[in-house]
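Below is the structure I would like to discuss, written out as structure tokens.
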Amino acid sequence: MRRTELLPWLAAAVVLAGLTVPWFLWGSSTVVAGLPVWLWWHVGWMCLASVAFWLFAQRAWGLGIETAADGSSGGTDVRGDRR
């Protein structure tokens, strides 16, 4: 596993999930362009999450779950038996 690649993606996932709900905007009645500011936060955050997922799919899809380059997984086979 390429740990140097896995840790930044893991951190990005935690941050994206943690800030999805704008707790700090609850109770705010501020309106921008006719919509509450918390809704704008959500729309912007979903756009950011979409870009992050696109980057992940392009660069790191399968990171941490793919097998070794020689085809051996070093673990169990499909039935769960040790190799």
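Keep in mind that the numbers below use all heavy atoms, side chains included, and drop hydrogens, waters and symmetry copies.
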| CH2 of Trp45 to OG1 of Thr20: how many Å apart, nearest 0.5 Å? |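 Those atoms lie 7.0 Å apart.
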Please table the atom pairs, donor to acceptor, closer than 3.5 Å between any side-chain atom in residues 46-53 and protein atoms at least two apart or in another chain.
residue	atom	partner	partner atom	Å
Ser50	OG	Met46	O	2.9

| field | ILVMFWY cluster, Val43 and Leu25 together (side-chain gap under 4.5 Å) | value | no
| field | Trp61 with Trp54, same ILVMFWY side-chain cluster at under 4.5 Å | value |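 Yes, one cluster joins them.
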| query | If you group Ile, Leu, Val, Met, Phe, Trp and Tyr by side-chain heavy-atom gaps below 4.5 Å, do Phe24 and Leu35 land in one group? | reply |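 Yes; tracing contacts between hydrophobic side chains, which count when under 4.5 Å, links both residues.
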| Partner set under ring-ring contact (aromatic ring centres under 6.0 Å, His included) for Trp38, not counting sequence neighbours | none
| Closest heavy-atom contact between Trp40 and Ala33? |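 So the minimum-distance heavy-atom pair works out to CZ2-CB, 3.9 Å.
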| task | May I ask whether Val21 and Leu39 are part of the same hydrophobic cluster, defined by side-chain heavy atoms of I, L, V, M, F, W, Y residues being less than 4.5 angstrom apart, directly or through others? | result | no
| Can you list the residues that meet the ring-ring contact (aromatic ring centres under 6.0 Å, His included) rule with Trp9, with sequence neighbours excluded? | Phe56
